[in-house]
Each structure stands twice: as C-alpha cells, then as structure tokens.
Amino acid sequence: MNLKGKLLLFGLAVISTLYGVNKAVSQEGGQAISDEDLALYKSGINPGEVFAQEVGGDLFRKPMGTSNKSCASCHSEEQLKKVVGTYPKYNKDLNAVISLQQRIQMCQKLNQGVDKPFALNSQENTALVTYLKYIASGEKINVDTSSNPVVKDYYEYGKYVYELKRGKRNLSCAVCHDYAAGKVLRMQRLAYLGVQREDGMKGTAAAAHWPAYRMTKSKVFTLEQRFAQCMSQASMKVLPLGSKEMVALELYVTSLANGATIEAPGLVR
Ligand code: HEC
Ligand code: HEC
C-alpha cells in the first residue's frame with residue numbers, strides 16, 4: 001500500500017476509534033456555518049480588513065512613547081512588507097526566534113520608548129500585526145528553519161510540540177491536521193495546514209491568511225490565538241502566547257506554508 005493509502009486508513013481509524021476528535025470538534029461553539037454560507041460571506045466586505053486599515057493603520061501612524069515617534073516615521077510600508085513573511089525570525093540580540101508580534105513589542109520598547117508595550121493578547125498588538133500582514137498581502141511566506149543552530153532548534157521543537165499528544169483525550173495537532181486531514185466532521189473540514197503534503201494533499205497554507213476574522217466570534221484573532229483555541233477545544237493545556245513553545249509551533253506551522261502568497265487577514269469560520 002502506498003503512503004497515501006496508509007495515511008487514509010490510519011485517518012479513518014483515528015476518526016472512528018478516537019472519540020476525542022469528534023468530541024473536540026463538536027465543541028467548537030456556534031460554528032454552524034456551511035461551506036455555502038461561507039462563500040456568501042466571502043463575497044462581501046471582510047471586517048478584518050476594515051480592522052487592519054482603521055485600527056491597525058491608525059496605530060501605525062500614531063506617535064507614541066518618549067521618542068514621540070510613530071512606526072511610520074521610521075518604517076515605510078514598502079520596507080516592512082518585504083520582511084513580514086520571514087517571521088517568526090531569528091533575532092541576533094536575543095539569540096532567539098521571535099514572532100512578528102514580539103518584534104512589534106521590541107520596537108515599541110527600544111525604538112519608541114514606550115514603557116509598557118501592548119500585550120500579545122491586546123486588541124492593539126493584534127491590530128498592528130494584522131495591519132503588517134495586510135500590507136504584505138501579495139508577498140510570499142518565507143521563513144528560515146535551518147540557517148543556524150538556534151533556528152534549527154526552534155524548528156525541531158515546534159515540530160515536536162505539533163506532534164506531541166497531550167490532554168485527557170490524548171490528541172495532538174497532527175492527529176487532526178495530518179492523520180485525519182481531509183475528513184469533514186460536523187461541517188468542519190479538518191485541514192492540512194501547509195501548502196501541500198508529501199502525498200499531494202492540498203492544504204490551507206494557514207499561516208498565509210492569519211491573523212483572520214472569525215465569523216463565528218466576530219473578531220480578528222492571531223495565529224497563536226487560533227492555536228490556543230484548538231488546544232482548548234481538544235482539552236490540551238493552553239500554552240502561553242509568546243512562550244518558546246508557541247513561537248516554535250508558529251515557526252513550524254508557518255514553515256509548512258513557505259512559498260504561499262500572503263492574503264491577510266483571512267475570513268474564516
Ligand atoms: C525610532 C525608529 C523606530 C520606530 C519608531 C519603530 N521602529 Fe521598528 N525598527 C527600527 C529599527 C532600528 C529596527 C531594527 C532593524 C534591524 O534589526 O535590522 C526595527 C525593526 C523592525 C521590524 C523588523 C524588521 C526586519 O527586518 O526584520 C519590524 C517588523 C518593525 N520594526 C516594526 C515596527 C512597528 C510596527 C513599529 C511601531 C509600533 C516600529 N517598528 C517602530 C526602528 C524603529
Ligand atoms: C480535535 C481536532 C483538532 C485538534 C487536536 C487541533 N485542531 Fe486545529 N482545527 C480544528 C478544526 C475543526 C478547525 C477549524 C476548521 C474550519 O475552520 O473549518 C481547526 C483550525 C485550525 C487552524 C486554522 C486553519 C486555517 O486554515 O485557517 C489552525 C492554524 C489550527 N487549527 C492549528 C492547530 C494547532 C497548532 C493544533 C495543535 C496545538 C491544533 N490545531 C489542534 C481541529 C483541531
């Protein structure tokens with residue numbers, strides 16, 4: 001049997017025997033939006049874009065901190081749109097991989113002289129990262145996973161976190177997004193998160209369209225917040241935003257979307 005066949009069989013076995021998958025999916029609150037309705041929503045205005053332009057764009061141009069400088073006074077959109085797809089990225093000063101959200105915090109602190117940068121789960125930090133991803137639409141996702149030992153370590157750790165089974169249902173990201181990928185459960189498609197899997201299955205290239213506006217929650221969420229929501233549904237302990245685990249997971253999931261064109265913010269269930 002070829003790999004595809006094996007994965008398919010394994011996927012089916014996972015669905016029928018792992019009660020945990022079905023249960024966790026059914027717990028996605030208020031998600032009864034069919035593919036048809038989704039298509040209809042997508043033909044209208046994306047509230048996430050309005051949020052990016054109006055809230056994010058305003059913050060980008062607003063002078064802040066002791067420097068009284070705005071992001072825009074130091075950075076052009078032309079410059080920033082080229083680097084957005086390279087995050088999470090290695091930072092020399094910290095000798096660590098950081099997310100774009102953390103790079104925003106660094107600039108607030110070090111370059112704007114803001115005492116308390118916007119928290120990772122704040123509406124402001126989300127608005128800024130959504131704005132940056134929005135202006136980078138049309139550029140490619142292109143994260144580095146191997147140019148130095150620290151980056152390699154983050155990548156391997158992210159893959160480990162992705163595959164690690166946790167929580168009382170013993171689920172991992174991989175169980176739903178790899179082994180059971182392609183299955184539809186309660187109108188929810190379990191999708192592969194990359195561009196294309198080795199066996200040819202097409203994925204959603206998730207990192208290219210997050211942050212995204214979730215219609216079922218009427219709000220824009222970041223990629224790490226989406227991870228946290230999946231963890232919570234699957235009864236896994238939720239990892240803190242910005243932790244080494246979360247950033248490593250973000251690097252790994254983003255690397256699966258390498259080469260995909262950024263189209264953000266997305267409009268999703
Ligand atoms: C006083 C000037 C200044 C201000 C204000 C400023 N930055 Fe920066 N920014 C910098 C410098 C300097 C760097 C570091 C470049 C480097 O490390 O190569 C940087 C780096 C960055 C990077 C990473 C670029 C890369 O190549 O990886 C991003 C993204 C960024 N800033 C976004 C912002 C945002 C968003 C704001 C507003 C919240 C902001 N910056 C405010 C000076 C500034
Ligand atoms: C029980 C199954 C399950 C588990 C376990 C799970 N997810 Fe999900 N995930 C889903 C479902 C269902 C969706 C929503 C699909 C939709 O919107 O149609 C989703 C959506 C996502 C999305 C958005 C996909 C896109 O293209 O917009 C990302 C990213 C994601 N999950 C990452 C993760 C990560 C990382 C983990 C591990 C921490 C994880 N998920 C664990 C079921 C799961």
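In each ligand, atom 1 is the first atom listed, and ligand 1 is the first ligand listed. What's counted below: heavy atoms across the whole structure, side chains too, no hydrogens, waters or symmetry copies.
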(request) Give a yes/no on ligand 2: does Q229 have at least one heavy atom closer than 4.0 angstrom to it? (result) no
(message) Looking at non-hydrogen atoms alone, which of R103, K81, Q79, E124 comes nearest to atom 21 (C) of ligand 1?
(response) R103
(message) Under 4.0 Å, counting heavy atoms only: does L223 come that close to any atom of ligand 2?
(response) yes
(request) Report yes if R226 has an N/O atom closer than 3.5 Å to an N/O atom of ligand 2; otherwise report no. (result) no
(message) Yes or no: does S172 have any heavy atom under 4.0 Å from an atom of ligand 2?
(response) yes
(request) Answer yes when K159 and E163 have at least one side-chain N-carboxylate O distance shorter than 4.0 Å, and no when they do not. (result) yes
(request) May I ask whether A72 places a heavy atom under 4.0 Å from ligand 1? (result) no
(message) Check for me whether Y162 has a heavy atom closer than 4.0 Å to any atom of ligand 2.
(response) no
(message) Residue-level breakdown please: for M106 versus ligand 1, do any non-hydrogen atoms fall below 4.0 Å on the side chain, on the backbone, on both, or on neither?
(response) neither
(message) With a cut-off of 2.8 Å, does H75 put an N/O/S atom close enough to atom 8 (Fe) of ligand 1?
(response) yes
(message) Under 2.8 Å from atom 8 (Fe) of ligand 1, can any N, O or S atom of C74 be found?
(response) no
(message) Judged on heavy-atom distance to atom 7 (N) of ligand 2, which of R166, M215, K165, H177 sits nearest?
(response) H177
(message) If you take the nearest heavy atom of each of T86, L132, N111, which one is closest to atom 11 (C) of ligand 1?
(response) N111
(message) Using ring centroids (six-membered ring only for Trp), state whether Y213 and F51 fall under 6.0 Å.
(response) no
(message) Using a strict threshold of under 4.0 Å (side-chain N to carboxylate O), is an ion pair present between D144 and K152?
(response) no
(message) Considering G158, G194, A180, C176 one by one, which has a heavy atom nearer to atom 2 (C) of ligand 2 than any of the others?
(response) C176
